Amino acid sequence: MKKKLKLKISAVMLSIVLALTMVATPSIFTVRDVSAEQDTQSQKIFNNWTMAAMIANKPKEYFNEKEMPDLQTAVIYTVLQYGVQANTNKEIDVEEFCSKVNDNFAGITDFKESQLEALDTQGVYRYDKANHKIIIPGGGAGDGLICTYLGQNREDKITKYGKWINFADPSEDPYYIALDVDDENKIIAYRSIDASKVSANLEIYHSGWNDDNDYIDRDTSYMKDDNGTTKAYLPYDASYHVGYCIKIEDGKDSVEFNEEDLGEDALTIEFSSQNKNILEKDADDETRVTAYEDKGSTVLDYQLKSNDNPIFEGQLPCTVYNLSIANYYGVCLQPGESRQLSVKVEGMDQNQLTYEWSGDCKINNVSGNTCQITAPSETIGWEDNKNIAVTAYINDGKIKIGTKKESIRVANCDLSIIYAKGGQNPSIDAGGDTLKVGQTYTITLNGADFGWDYGNGESNSRQTFYTLDFNLNGESITATEKEENLSMKDNKMTIGIGAGGGYPNRIIKVNQSGTLTITGKIYRDGKLFRETAARTFKVEGNEVNPSEPTKPSQPATTTSTKKPTQPTVSVKTTKLKSVKNAKGKKMTIKWAKNTAGNGYQIQYSTSKKFAKGNKTKTISKNKTTSYTIKKLKKKKTYYVRIRTYKKVSEKTYYSEWSSVKKVKIKK
C-alpha cells in the first residue's frame with residue numbers, strides 16, 4: 001500500500017477507525033462446508049483484524065506463522081470486535097477484555113491487565129485503571145476504505161482473502177490481503193497479496209448434459225485464451241449462464257472462487273452487450289445471455305459489485321458462430337458412394353480457421369474446409385450412430401473453437417407411397433387401396449430422409465427436395481416441401497401441411513369420389529434422384545363441399561348442425577431421456593431431439609398422476625434438448641413428462657405425453 005494511505009490513517013486515526021467500522025460492510029460469501037454462523041464470525045475476524053493492522057501502521061507484511069503478533073495491534077483488533085456506538089461510550093470489564101484478547105490469537109495465551117498501560121491506544125480506546133474498564137468512545141461514520149471479503153481456502157489451513165478499495169479516492173491502488181486462522185478462528189498470520197497475483201474474469205458457461213450423456217456442472221469450454229486475451233466463442237442458437245471466477249496465487253497455493261461456490265451472497269454481476277442482436281441478456285433470467293439472433297462479434301461490459309460498490313470491472317470479447325457441415329439433416333449416401341463435404345462457419349472470418357475431420361467412414365482429399373468421404377459397402381441406419389465430424393480451430397490449430405457432428409446413413413433410397421388414417425401413426429401403412437370421401441389421411445413419401453436433400457441449394461434459390469403429385473379424376477395438383485395449404489378447383493381435394501415424423505408427408509382430404517393416383521419424387525444436387533411407382537386409390541362416398549357444414553345425421557326434427565371435419569395432425573411423441581437433481585434446488589431435464597414439431601411442453605408435478613399442482617414450461621425451439629427448472633422444494637419428489645407440439649393453420653396439435661420420470665430434490 002502507498003505511504004500516502006499510511007499517513008492518512010495516522011493523521012486522522014479516530015475518524016478513520018469510525019468510518020471503517022461503520023462503512024465496511026463487505027459481502028459475506030457462503031463457502032462450501034461452512035455454516036452461516038461461521039461465515040458471520042469469519043467476516044468479523046477478517047474486517048476487524050485488517051482495520052487493526054491498518055491503524056497500527058502495519059498494513060503490509062506483519063507477522064508469519066512462527067512469530068507472536070504485536071500486542072498493540074491485537075488489543076486494537078479486540079476493541080474493534082465490540083463495535084462503535086454513535087455518540088455513546090461503551091464500557092468493557094478489563095478481565096473480560098483480556099480473556100477475549102487471548103481467545104483471538106493463536107500466539108497470545110497469557111495477556112493480562114498489567115500489560116495495558118504500556119500500549120499506545122492510538123485514540124481508539126481508553127484504559128480506566130481505577131475502575132478496571134476499557135472505554136470505547138462513540139462517534140459517527142464517514143467515507144473511508146472498504147474491504148470486500150473475496151472468499152476463503154479450507155484445505156491445509158483456513159486463509160481468508162480480501163480487497164481494500166478507497167472509494168473516496170479512486171486514484172488509490174487497490175490492496176489485497178490474506179488472513180490465516182486456525183480451526184477455532186484464532187488469527188495466525190496476516191500478509192499482503194500482490195495485485196498481479198489476483199484476477200477476476202467474467203465466465204460464460206453451460207450446465208447440463210453433454211453429448212456423452214454426462215452431466216457437466218460448469219462447462220466453460222466455450223472460454224478460450226487467444227494470445228493472452230480471454231474470449232468466448234459461443235455456438236449459435238443457445239442460452240448461456242454468466243458467472244465469474246476470482247483466481248488468487250498465494251505463494252505456492254492457487255485458489256479460485258466463483259459465484260456457485262460462494263452461494264447467494266456472491267458478488268453481484270452487472271453486464272451489458274455492445275451488440276444486443278448478437279448477445280442479449282435473457283428477459284426472464286438476468287444471469288443468462290442468449291445467442292438467437294445474429295452471428296458475429298460483440299463485447300460484454302461488466303462489473304462485479306458488493307453492496308453496489310464496483311469491486312472488479314472489465315470487458316469480455318465474445319463471438320457467436322454457427323459451425324455446420326453444408327448438408328441438411330445428416331448425410332445420406334449409397335453403399336460405396338463418394339461425396340465431397342464442406343464446412344460453413346457463419347460469424348467468423350473463414351480465413352482464420354483450420355479444420356480437422358474425423359468419422360466412421362473413409363476420409364481423404366482434405367483441403368481447407370472440404371474433404372471427400374466414402375461410404376461403407378453395407379447399409380447403415382440412423383440408429384447405428386455412425387457419424388462424420390469436423391472440428392474448427394484458430395491460431396494455426398492452437399485454439400479449438402468447436403465441433404460439429406452429422407449422422408451418416410447408408411441406404412439404397414427405395415421410395416414408396418404409404419398412407420395412414422387421420423390420428424394414426426403416419427409411418428405405418430393402413431393397407432388396402434380404398435379411401436373415403438371426407439376422411440383425412442396422411443400421405444408419406446417413405447424412404448425420402450431429409451438427409452438426401454444435399455446440394456439443392458438454400459433459401460429462396462434452392463431447388464425443391466421433393467414433390468407429391470396427386471391426380472384425382474384427371475385433375476392434378478402438386479405439393480412440395482413448401483409449407484402451404486393447397487386445394488383443387490371447387491375444393492375437390494385439399495392438401496394441408498404435414499405432420500412431421502422424419503419423412504416428407506402431407507395431410508389430405510378428398511371430397512369427390514373417383515380415382516386418386518399419387519406419385520413422389522426427390523431431388524439431389526438439383527437433379528431428379530429417385531421417384532416412386534404410382535399408387536392408385538379408389539375413393540368412395542358421397543361428394544362433400546368442405547366450405548359448407550355437413551348435413552346433420554340426426555332425425556329431421558333436430559335443429560343442430562355438425563361442423564365440417566377438420567384435418568387431424570399426428571405429432572410424433574418425444575422421448576424423455578433423463579431428469580436429474582442439480583445443485584441449488586434445480587432439476588435438469590434432457591430429451592431426444594424431435595423435429596417433427598415446432599417445440600415442446602414440459603409438465604412437472606409433485607403428484608404422481610398429475611392430479612394437482614401441475615406446472616408447464618413451453619420450449620419454443622425444436623432443436624433444444626435440455627432445460628433446467630429452478631426454485632424447487634428440497635426433499636420433494638417431482639414427476640416429469642414431455643410432449644411435442646406443432647402449429648398447423650393457426651391451430652396447435654400435441655403429441656402423446658412421454659413416459660414419466662421422477663427425481664427427488666436433495667441438493
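Keep in mind that this is a model prediction, so the values were computed, not measured. Every heavy atom of this structure was used, including side-chain atoms; hydrogens, water molecules and symmetry mates were not.
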Residue pairs fulfilling salt bridge (Lys or Arg N to Asp or Glu O under 4.0 Å) with at least one residue in residues 418-442, sequence neighbours excluded: Asp429-Arg535

What salt bridge (Lys or Arg N to Asp or Glu O under 4.0 Å) pairs are there with at least one residue in residues 630-644, not counting sequence neighbours? Asp285-Lys630

According to salt bridge (Lys or Arg N to Asp or Glu O under 4.0 Å), who are the partners of [X], at least two apart in sequence or on a separate chain?
X      : result
Lys521 : Asp469
Glu280 : none
Glu531 : none

According to side chain to side chain donor-acceptor pair (under 3.5 Å), who are the partners of [X], at least two apart in sequence or on a separate chain?
X      : value
Lys492 : Glu475
Thr290 : none
Asn387 : none
Ser659 : none

Could you tell me whether the side chain of [Y] reaches within less than 4.5 Å of the side chain of [X], counting heavy atoms only?
X      : Y      : value
Tyr604 : Leu632 : yes
Thr573 : Ser655 : yes
Phe470 : Leu472 : no
Thr652 : Asn598 : no
Val343 : Leu323 : yes
Met348 : Ile401 : yes
Thr637 : Thr606 : no
Trp591 : Ile602 : yes

Using only atom types and a distance under 3.5 Å, with no angle test, would you say the side chain of [X] pairs donor to acceptor with the backbone of [Y]?
X      : Y      : result
Thr588 : Ala582 : no
Tyr639 : Val663 : no
Asn594 : Thr625 : no
Asn456 : Gly526 : yes
Asn511 : Asn491 : yes
Asp384 : Lys386 : no

Would you sort out whether Ile495 and Ile507 count as a side-chain contact (heavy atoms from CB on, under 4.5 Å), showing the intermediate values? CA-CA 6 Å; Ile495 303 175; Ile507 296 172; over 6 Å; no

Distance from [X] atom [atom1] to [Y] atom [atom2], nearest 0.5 Å?
X      : Y      : atom1 : atom2 : value
Leu486 : Leu468 : CG    : CG    : 10.5 Å
Tyr600 : Ile619 : OH    : CD1   : 9.5 Å
Glu484 : Ile497 : CD    : CD1   : 8.5 Å
Thr532 : Asp414 : OG1   : CG    : 11.5 Å
Ile380 : Asn385 : CD1   : CG    : 11.0 Å
Glu481 : Arg506 : CD    : CZ    : 9.0 Å

In terms of side-chain heavy atoms, does [X] have a donor or acceptor partner in [Y] at a distance below 3.5 Å?
X      : Y      : value
Thr444 : Asn446 : no
Asn614 : Ser605 : yes
Asn369 : Ser342 : no
Thr319 : Ser297 : yes
Thr467 : Thr478 : no

Please walk me through it: do Ser427 and Asn425 pass side-chain hydrogen bond (donor to acceptor under 3.5 Å, both in side chains)? CA-CA 6 Å; Ser427 64; Asn425 189 334; 2.7 Å; yes

What is the minimum heavy-atom distance between [X] and [Y], and which atoms define it?
X      : Y      : value
Asp282 : Ser239 : OD2-OG, 4.1 Å
Cys361 : Ile373 : SG-CB, 3.8 Å
Pro235 : Ala291 : O-CB, 4.5 Å

Go through the steps for Val437 and Val539 under the test side-chain contact (heavy atoms from CB on, under 4.5 Å), then give the verdict. CA-CA 6 Å; Val437 170; Val539 184; 3.7 Å; yes

Check the surroundings of atom [atom1] in [X]: do more than 12 heavy atoms from other residues, nucleotides or ligands lie under 6.0 Å from it?
X      : atom1 : result
Lys662 : NZ    : no
Glu346 : CD    : yes
Gln350 : CD    : yes

Identify every side-chain donor-acceptor pair in residues 332-341 under 3.5 Å, counting partners at least two apart or on other chains, and give the distances.
| unit_1 | atom_1 | unit_2 | atom_2 | d |
| --- | --- | --- | --- | --- |
| Gln334 | OE1 | Arg530 | NH2 | 2.9 |
| Glu337 | OE1 | Gln334 | N | 2.8 |
| Glu337 | OE1 | Arg524 | NH2 | 3.3 |
| Glu337 | OE2 | Arg524 | NH1 | 2.9 |
| Glu337 | OE2 | Arg524 | NH2 | 3.2 |
| Ser338 | OG | Thr374 | OG1 | 2.9 |
| Arg339 | NH1 | Asp525 | OD1 | 3.4 |
| Arg339 | NH2 | Asp525 | OD2 | 2.9 |

Between Ile394 and Tyr233, is a side-chain contact (heavy atoms from CB on, under 4.5 Å) present by the stated rule, with each step listed? CA-CA 11 Å; Ile394 59 171; Tyr233 294 93; 3.2 Å; yes

In sequence, state the C-alpha distance, the side-chain angles, and the governing distance for Ile522 and Leu415, and then conclude on side-chain contact (heavy atoms from CB on, under 4.5 Å). CA-CA 9 Å; Ile522 64 170; Leu415 298 185; 3.9 Å; yes

For the residue pair Tyr240 and Tyr222, does the interplanar ring angle fall in the parallel (under 30°), tilted (30 to 60°) or perpendicular (over 60°) class? perpendicular

Quick one: ring-ring contact (aromatic ring centres under 6.0 Å, His included) pairs with a partner in residues 473-495, sequence neighbours left out? none

How would you list all residue pairs meeting ring-ring contact (aromatic ring centres under 6.0 Å, His included) that involve residues 428-449, not counting sequence neighbours? Tyr419-Tyr441

Please find out if less than 6.0 Å separates the ring center of Phe465 from that of Phe450. yes

